[in-house]
There are 2 protein chains.
Amino acid sequence: MGAVAQPPAELRTYRGVPASQRKAERRDRLVSAGLELFGTRGIAATRVDDVCAEAGLTKRYFYESFESLDDLVTAVMEAVLLDVAAIVVPVIETDGWRNPRPVFSAYIGALLEDPRLVRLLVVETHNGALANRREEMVELAVDTWLASDPGADKSPEHLPVQRLLAHAMAGAAGEVALAWVNGRIDLTADQIVDQLVRIFERITPRV
Amino acid sequence: MGAVAQPPAELRTYRGVPASQRKAERRDRLVSAGLELFGTRGIAATRVDDVCAEAGLTKRYFYESFESLDDLVTAVMEAVLLDVAAIVVPVIETDGWRNPRPVFSAYIGALLEDPRLVRLLVVETHNGALANRREEMVELAVDTWLASDPGADKSPEHLPVQRLLAHAMAGAAGEVALAWVNGRIDLTADQIVDQLVRIFERITPRV
DNA sequence: GGAATCTGACACTCTTTCGTGTCACTCTGC
DNA sequence: GCAGAGTGACACGAAAGAGTGTCAGATTCC
């Protein structure tokens with residue numbers, strides 16, 4: 001009848017850092033480890049223990065921040081998308097679609113500098129839970145593009161075509177980035193951007 | 001000292017069909033089951049037992065024809081590529097690249113008629129053992145295209161660009177097909193083909 | 001200095017799946 | 001019709017991985 005087992009209790013600082021910061025740092029290390037492993041060997045070939053080893057932590061701390069590997073996958077993807085958006089969005093806002101080169105330069109540049117991003121965004125996004133998110137991303141890109149591009153043909157009968165063109169452009173850019181990081185295309189990053197811009201301009205119908 | 005254990009022994013006919021044909025039929029059913037499951041739920045979500053249940057066979061017969069699930073994956077992909085090639089190659093040989101619409105119509109038509117093919121060729125080809133084969137396929141397509149298209153710009157400084165354009169076109173077509181089977185693009189199959197042909201013609205530099 | 005928490009290593013159970021084995025039953029060839 | 005091969009259902013052990021528990025030592029707070 002005495003007191004029932006007490007929940008965890010207090011949170012103390014350790015080695016000078018408060019508990020919340022320690023936990024956040026461990027989470028960050030796990031996300032970094034996830035980015036590294038998912039972006040190189042791929043999600044399907046990554047185990048919880050692998051992530052822990054890469055992060056230099058034990059499973060206990062994995063489950064402190066994540067419920068499952070899928071949970072970490074989501075977190076890694078979220079982090080990557082935030083990073084990329086932070087790079088691309090300002091460029092869109094200043095240069096806009098009338099001058100697409102800076103936009104492609106920023107986006108493709110970010111990808112080509114880190115092959116892990118290419119693998120994550122182009123290859124691994126096809127995995128189960130991420131497939132829907134991928135489609136949503138493309139659709140979102142279409143909508144933002146159409147909304148922000150004054151030169152786009154927005155007539156109702158062209159809307160499905162614009163949608164198709166956006167998917168085509170996304171697919172083209174992804175496949176080209178993938179081929180490039182795999183050493184299949186003997187061009188410089190700048191030349192890649194040039195060609196993608198050229199494709200964009202030739203494909204896009206202007207009013 | 002006596003005779004050692006004899007290997008299986010003879011092969012008899014059963015229910016009227018000879019052993020070799022029975023084995024071949026079982027293999028075919030397993031490949032069909034693989035196509036169905038890999039093309040719908042995906043390779044990663046498919047187990048050996050699932051394939052056997054789908055094929056109406058037991059594991060014994062799975063391992064009669066395949067060493068592992070990866071082995072079946074390879075066989076399924078081989079069968080699919082043969083099918084698609086059988087449809088597309090004759091069209092290329094008769095119509096050629098000067099008139100790309102029949103080519104795209106044949107290829108995309110074959111894909112759009114069977115969503116499982118789209119999933120297999122666009123999504124599942126990124127899986128481990130298949131990734132290399134995928135790259136090879138694209139490269140092969142580039143080479144055949146360049147070799148057979150008299151109008152293509154084959155000057156040495158444009159070769160890497162042609163290579164890039166082929167990857168771009170492959171990525172665009174794949175992504176569009178995927179979006180279409182997922183109901184993201186409100187166009188008819190013919191309109192999809194029209195747009196892809198238009199993209200091809202606008203992208204491709206002619207001499 | 002001592003009680004309590006934090007940390008890391010690792011042992012442990014549970015589940016899933018693989019690949020093989022067993023067995024009863026069916027069909028074939030002679 | 002009978003010895004033996006073919007068939008299908010299922011049992012079985014091995015292996016890998018998930019998620020939890022334990023424990024000793026380090027660190028903190030009072």
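Per chain, numbering begins at 1; letters A, B, ... match sequence-line order. Note that the coordinates shown come from a computational prediction; the quantities given were computed from them, not determined experimentally.
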Chemist: Under a 4.0 Å N-O cut-off, is there an ion pair linking A:Arg184 with A:Glu175?
Modeler: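 Judged by the 4.0 Å cut-off on N to carboxylate O distance, A:Arg184 and A:Glu175 do not form a salt bridge.
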Chemist: Taking atom CD of A:Glu67 as the centre, report whether more than 12 heavy atoms of other residues, nucleotides or ligands fall under 6.0 Å from it.
Modeler: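 12 or below, so no.
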Chemist: Just the rounded figure in Å: distance from P of D:dA18 to CZ of A:Phe66.
Modeler: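 Checked: the CZ to P distance equals 15 Å.
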Chemist: Tell me every residue that passes side chain to side chain donor-acceptor pair (under 3.5 Å) with B:Glu124, counting only those two or more places apart in sequence or in another chain.
Modeler: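 Side chain to side chain donor-acceptor pair (under 3.5 Å) check on B:Glu124 returns B:Arg119.
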Chemist: Go through the structure and list residues passing side chain to side chain donor-acceptor pair (under 3.5 Å) with B:Asp50, not counting sequence neighbours.
Modeler: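 Side chain to side chain donor-acceptor pair (under 3.5 Å) check on B:Asp50 returns B:Arg41.
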Chemist: So with a 6.0 Å cut-off around OH of B:Tyr107, is the heavy-atom count from everything else above 12?
Modeler: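 No, OH of B:Tyr107 has 12 or fewer neighbouring heavy atoms, counting only those of other groups under 6.0 Å.
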Chemist: Kindly say whether B:Val91 contributes a backbone atom to a donor-acceptor pair with the side chain of B:Thr94 at under 3.5 angstrom?
Modeler: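 Checking the backbone N and O of B:Val91 against the side chain of B:Thr94, a donor-acceptor pair under 3.5 Å is found.
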Chemist: For nucleotides 10-21 of chain C, give me one character per nucleotide, 5' to 3': B if any protein heavy atom sits under 4.0 Å from the base, S if the only such contacts are to the sugar-phosphate, - if neither.
Modeler: -------SBBB-
Chemist: Would you mind listing every side chain to side chain donor-acceptor pair (under 3.5 Å) that reaches into residues 20-31 of chain A, with sequence neighbours excluded?
Modeler: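 Every pair satisfying side chain to side chain donor-acceptor pair (under 3.5 Å) with a residue in residues 20-31 of chain A: A:Gln21-A:Glu25, A:Arg26-A:Glu64.
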Chemist: Drop me the distance from B:Ile192's CD1 to B:Leu187's CG, to the nearest 0.5 angstrom.
Modeler: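 These two atoms lie 5.0 Å from each other.
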Chemist: Main chain of B:Asp95, side chain of B:Asn99: is a donor-acceptor contact present, judged purely on distance under 3.5 Å?
Modeler: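 Checked: no pair found.
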Chemist: Provide a list of protein-nucleic acid N or O atom pairs under 3.5 angstrom, restricted to nucleotides 25-29 of chain D.
Modeler:
{"from": "D:dT27", "atom 1": "OP1", "to": "A:Arg15", "atom 2": "NH2", "distance (Å)": "3.4"}
{"from": "D:dT27", "atom 1": "O4'", "to": "A:Tyr14", "atom 2": "OH", "distance (Å)": "3.1"}
{"from": "D:dT28", "atom 1": "OP1", "to": "A:Arg15", "atom 2": "N", "distance (Å)": "2.8"}
{"from": "D:dT28", "atom 1": "O2", "to": "A:Arg12", "atom 2": "NH1", "distance (Å)": "3.2"}
{"from": "D:dT28", "atom 1": "O2", "to": "A:Arg12", "atom 2": "NH2", "distance (Å)": "3.3"}
{"from": "D:dC29", "atom 1": "OP1", "to": "A:Thr13", "atom 2": "OG1", "distance (Å)": "3.2"}

Chemist: Within this structure, what is the OH-to-C1' distance between B:Tyr61 and D:dA5, rounded to whole angstrom?
Modeler: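 After rounding, the gap between these two atoms is 10 Å.
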Chemist: Do NZ/NE/NH1/NH2 and the carboxylate oxygens of B:Arg47 and B:Asp49 come within less than 4.0 Å?
Modeler: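 B:Asp49 and B:Arg47: not salt-bridged.
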Chemist: In residues 17-43 of chain B, which ones come under 4.0 Å of DNA chain C, going by heavy atoms?
Modeler: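 The stretch gives none, as no residue of it lies under 4.0 Å from the strand.
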